[in-house]
Amino acid sequence: MVAGKTAICTVGHEGAGLTYRGYDIADLAAHACFEEVAHLLIHERLPDRQELEAYRNKLRAARTLPLKLIGVLEALPGSTHPMDVMRTACSVLGNLEPERDFSQQRDAADRLLGVLPSAVLYWQRFHGDGVRIDTDSGEDGTAAHFLHLLHERSQSDAHCRALDVSLTLYAEHEFNASTFTARVIAATLSDLHSAVTGAIGALRGPLHGGANEAAMELIDRFDSPADAEQGVRDMLSRKELVMGFGHRVYRESDPRNAFNKRMARQLAEEAGDMRLFEISEAIERLMWSEKRLFANADFYSASVYRYLGIPTHLFTPIFVCSRVTGWCAHVFEQRADNRLIRPRAEYTGPAAQPWVPLESRP
Ligand SMILES: CC(C)(COP(=O)(O)OP(=O)(O)OC[C@H]1O[C@@H](n2cnc3c(N)ncnc32)[C@H](O)[C@@H]1OP(=O)(O)O)[C@@H](O)C(=O)NCCC(=O)NCCS
């Protein structure tokens with residue numbers, strides 16, 4: 001069902017495949033860094049060399065956490081889910097640095113892009129390791145910054161590039177549930193932080209962004225490819241959902257999967273530990289032969305993140321760190337030609353009934 005127009009992204013439209021502002025995802029994943037993609041989405045075009053340098057500097061400066069936000073991150077329970085931390089961090093930033101009018105929207109988006117990774121990793125390290133980290137990692141790229149804060153030191157170029165490509169793959173996907181949520185909120189002429197806070201809430205669910213964590217939990221249940229085949233066969237016979245498979249729009253394959261699968265294989269070879277990859281492949285083969293269901297973007301990204309040493313509960317937050325670019329682009333597009341989004345519902349309730357006074361009700 002077409003719910004509106006967009007000039008930002010195609011998802012399998014008439015042979016165009018997945019494109020961001022006309023650029024094929026294969027080209028972006030192979031040649032661009034995530035900051036170029038972020039600039040393309042938020043600032044509407046690919047930057048030249050100088051603009052990219054300036055943009056990287058701007059995002060680096062935007063990583064600093066306001067003191068009051070640090071106080072909130074420390075006060076939140078260590079047992080909460082980091083997606084709830086991100087939702088709260090975004091909302092708190094909307095209090096501390098509100099978008100006063102729409103002319104500031106792109107600066108507010110860049111600030112969110114800088115703050116969100118710092119916020120979730122500050123919370124993670126404070127509650128997980130009992131340390132107060134300096135969120136100024138000095139790293140150029142968002143991916144390298146994320147891995148540095150998580151592991152306390154710079155990671156290899158190969159690892160940084162793997163996460164960087166993953167951020168590009170997750171950055172935008174047309175009118176998915178979280179993006180549509182952001183547009184519905186933006187269409188009331190609300191502020192950017194409200195739209196992104198709502199989008200984070202929508203992304204959290206296991207049928208959407210939460211699927212990468214659910215896929216990891218599934219893969220982790222099995223010790224070997226044979227064990228996985230039997231386990232997934234049993235799940236299918238019980239008509240259970242296998243997370244990381246299927247898609248509402250794609251029917252044959254998810255164009256992002258090939259990149260994630262290749263990266264998962266490379267990282268497994270580099271680690272000298274193919275177990276996770278082979279279990280994943282066994283599940284993928286079985287899902288295709290039994291159900292004609294293909295792996296979506298979330299399935300192999302789970303293995304990629306595991307090989308990068310990222311704890312499972314941070315998988316969906318990484319999706320946020322990336323998709324915030326797409327959400328913001330859609331908010332701006334909605335604002336530029338706004339009409340309140342107000343669908344109608346088909347009524348399925350009772351027919352008109354006579355009023356029954358309180359004392360006469362059975
Ligand atoms: C993404 C998703 C919500 C799309 O749902 P959808 O468009 O309603 O899927 P379809 O209606 O085309 O499904 C057709 C059939 O395949 C089944 N199916 C779809 N995805 C399945 C999965 N991941 N595992 C097992 N069965 C699945 C459906 O139950 C349905 O079976 P039925 O005909 O016996 O009722 C669904 O595939 C899903 O829940 N996937 C797992 C979660 C996930 O990975 N989400 C991330 C998406 S990017």
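Counting begins at 1 with the first residue of the sequence. What you see is a predicted model, and the numbers here were worked out from it, not measured in a lab. As the structure lists them, so they are numbered: ligands from 1, and atoms in each ligand from 1.
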Distance under 4.0 Å to a non-hydrogen atom of Glu240: what atoms of ligand 1 satisfy this? 25 (C)

Centres of the His173 and Tyr250 rings: under 6.0 Å? yes

Short version for Asn296: what comes under 4.0 Å of ligand 1, heavy atoms counted, is side chain

Does the N or O separation between Leu207 and ligand 1 drop below 3.5 Å for any pair? yes

Cationic tip of Arg183 within the cone over Phe180's six-membered ring, i.e. under 6.0 Å and within 45° of the normal? no

Neighbour count >12 (heavy atoms, 6.0 Å) for atom CZ, Arg292: yes

Asp298 and ligand 1 - part of the residue with a heavy-atom distance under 4.0 Å: side chain

Among all protein heavy atoms, pick out the one at the shortest distance from atom 41 (C) of ligand 1; state its residue, atom name and that distance to 0.1 Å. Phe245 O, 3.4 Å

Expected output: side-chain Thr88 to main-chain Asp84 donor-acceptor under 3.5 Å: yes

So if I apply the salt bridge (Lys or Arg N to Asp or Glu O under 4.0 Å) rule between Arg265 and each of Glu270, Glu278, Glu281, which one comes out positive? Glu281

Should the proximity of Arg251 to ligand 1, defined as any heavy atom under 4.0 Å, be assigned to the side chain, the backbone, both, or neither? side chain

Please write down residue, atom name and distance for the protein heavy atom closest to atom 29 (O) of ligand 1. Leu241 CD2, 4.6 Å

Does one side chain, of Glu36 or Tyr55, offer a donor that lies under 3.5 Å from an acceptor on the other? no

Is Met235 close enough to touch ligand 1? Criterion: a residue heavy atom under 4.0 Å from a ligand atom. no

Closest approach of Thr64 and Val115, non-hydrogen atoms and distance? O-CG2, 4.1 Å

Proximity flag Ala297 to ligand 1, non-hydrogen atoms under 4.0 Å: no

Please check whether Leu236 reaches ligand 1 - meaning an N/O of the residue sits under 3.5 Å from an N/O of the ligand, judged on distance alone. no

